[in-house]
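Structure first, commentary second.
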Amino acid sequence: MSKSTLEKVAMVSSSLVLVAAIWFWSLQVGDVLETLKLAYG
Amino acid sequence: MDVLFFFEWLDTSLLAQISKAYGGVFAVVQMFHLLSLAMLGGMVLVGDLRLLNILMTSVSSEEVIDNTQKWFTVALTVMIISGIFMSSAVAMKLYYNEMFWAKMASLGFGIAFVYLIRRPLLKYDHDTINPWTLRLLALASITIWFTVAASGRWIGFS
Amino acid sequence: MLNEWLLAFARWLDTFSWSTQLHESYYMYAWIESTHVLTLMVFLGMLCVIDLRMLGLIFPKVPASVIAAKLDKPMMIGFAVMIITGFILYFAIPVRSTQSIWFRIKVVLLIAAGINALLFRNRMRASTDTWDLDRVPPKRIRVGAGLSLALWSGVVVTGRTIAYDWYDCHKELPFFMYWVAGCVDEMASYP
């Protein structure tokens, strides 16, 4: 891979990682909140 | 592709016989897993916080990346080996655990990210790389390894 | 005598409704415990880099004092988080922890690691001028660094084994184990 391609791939994959992580962890927090609601009302 | 057969095999393998029967052996292996977790975390944080210009700014970032990469690989290797042993003790439980698969997915992606993207790119002179690419790369790296570790811990609670 | 006092103190902590609530909570205990464990990556991670430098195994071209000075702050931040979450975890399960052989060894190792760190720091300050740029520091420094890694590893391991009930007081144990675990009330934390 040339350097400029590598840089683009890094840029795109890093952004994807951050978006996916935000999505995944907010899903987890949502699950937790739901359980807490069921438990404590 | 269904990998159930692999977990069924692991569940009855020699490894599982040892890890299930001897709590002490399991604890020692887990010790190596935890200590390498600390080492891996240290290497990731020092390297990535340097790329973000937060830590060790008086040392060149090439130097920091060079030195931390070696020990990262050592830590990762110990973690994977000890991890396979630990998973043999609860193979079937893990197969049906959502968090385990979240961890495996982020781990697989993390390994590809480090060895196919981060390392090849950081071989170039860091001054010639767009600073925003470096920052994003560092943030993504910290996020990936945090997710691997946190989802790993959460397996025990879920 | 000391064991009776410690148990009385633990029982007193146990009377706080907060302690029970925390222990029986759905997520709070797990979150605090996870924070405690994951902060290993910050505290022990930084310590690991510093000690590896003192052993001459990483950053050979960077002065040892630079590594120690630059990583001190993040390491201490990690340490502070670990200590605070550690106290909360003890507060949530005080009686069982007090009579836990692992918890006791852990506290002793923690104190030993603390003393080693202080001695190490003084020794380093007094002598960095002479070896700061050496790729491999002198033997006394390497011994201190090795000891530091070994003691902290011990703290991690005994911390993990607190969760195992192999040597809980209500079990049939050799007298020596009873003595080390400081069993006063055997059934104190039996579920």
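Chain A is the first sequence line, chain B the second, and so forth, proteins listed ahead of strands; every chain is numbered from 1.
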Original post:
Taking only heavy atoms into account, what residues of residues 27-54 of chain B are found under 4.5 Å from chain C?
Top reply: B:Ala27, B:Gln30, B:Met31, B:Leu34, B:Leu35, B:Leu37, B:Ala38, B:Met39, B:Gly41, B:Gly42, B:Met43, B:Leu45, B:Val46

Original post:
Is it the backbone or the side chain of C:Tyr164 that comes under 4.5 Å from a heavy atom of chain B, or both, or neither?
Top reply: side chain

**OP:** Return the option, out of C:Lys73, C:Glu33, C:Met75, with the maximum number of heavy-atom pairs under 4.5 Å with chain B.
**Re:** C:Glu33

**OP:** Could you give me the CA-CA distance, side-chain angles and deciding distance for B:Val64 and C:Phe59, then say whether side-chain contact (heavy atoms from CB on, under 4.5 Å) is met?
**Re:** CA-CA 8 Å; B:Val64 175; C:Phe59 288 112; 4.1 Å; yes

Subject >> Euclidean distance, B:Phe146 CZ relative to C:Met41 CE, rounded to 0.5 Å >> reply: 7.0 Å

Subject >> Distance, nearest 0.5 Å, that separates CH2 of B:Trp154 from CH2 of C:Trp31 >> reply: 6.5 Å

**OP:** Can you measure from OG1 (B:Thr57) to NZ (C:Lys70) and round to the nearest 0.5 angstrom?
**Re:** 5.0 Å

**OP:** Measure the CZ-CG distance between B:Arg153 and C:Leu38 for me, rounded to the nearest 0.5 Å.
**Re:** 8.5 Å

Original post:
Can you tell me how far the CG atom of C:Leu52 sits from the CH2 atom of B:Trp71, to the nearest 0.5 Å?
Top reply: 5.0 Å

Original post:
Does a sphere of radius 6.0 Å around CE in B:Met86 hold more than 12 heavy atoms from other residues, nucleotides or ligands, not counting ones at 6.0 Å or beyond?
Top reply: yes

Original post:
Using non-hydrogen atoms and a limit below 4.5 Å, what part of residues 93-117 of chain B faces chain C?
Top reply: none

Original post:
In terms of heavy-atom pairs under 4.5 Å with chain B, which of C:Met46, C:Lys61, C:Arg160 leads?
Top reply: C:Arg160

Subject >> Crowding at OH, C:Tyr90 (>12 non-hydrogen neighbours, <6.0 Å) >> reply: yes

Original post:
Do you know which of C:Leu57, C:Ile67, C:Leu149 has the most heavy-atom pairs with chain B at a distance under 4.5 angstrom?
Top reply: C:Leu57

Original post:
More than 12 heavy atoms of other residues, nucleotides or ligands under 6.0 Å from CH2 of C:Trp18: is that the case?
Top reply: no

Original post:
Take atom CZ in C:Phe16; do more than 12 heavy atoms of anything else shown fall under 6.0 Å from it?
Top reply: yes

**OP:** Specify which of C:Leu47, C:Val66, C:Leu71 makes the most heavy-atom pairs with chain B at under 4.5 Å.
**Re:** C:Leu71

Subject >> Pairs of heavy atoms under 4.5 Å with chain C: top-ranked of B:Leu55, B:Asp66, B:Thr68 >> reply: B:Leu55

**OP:** Flag the one option from C:Thr39, C:Leu44, C:Thr161 with the top tally of heavy-atom pairs under 4.5 Å to chain B.
**Re:** C:Leu44

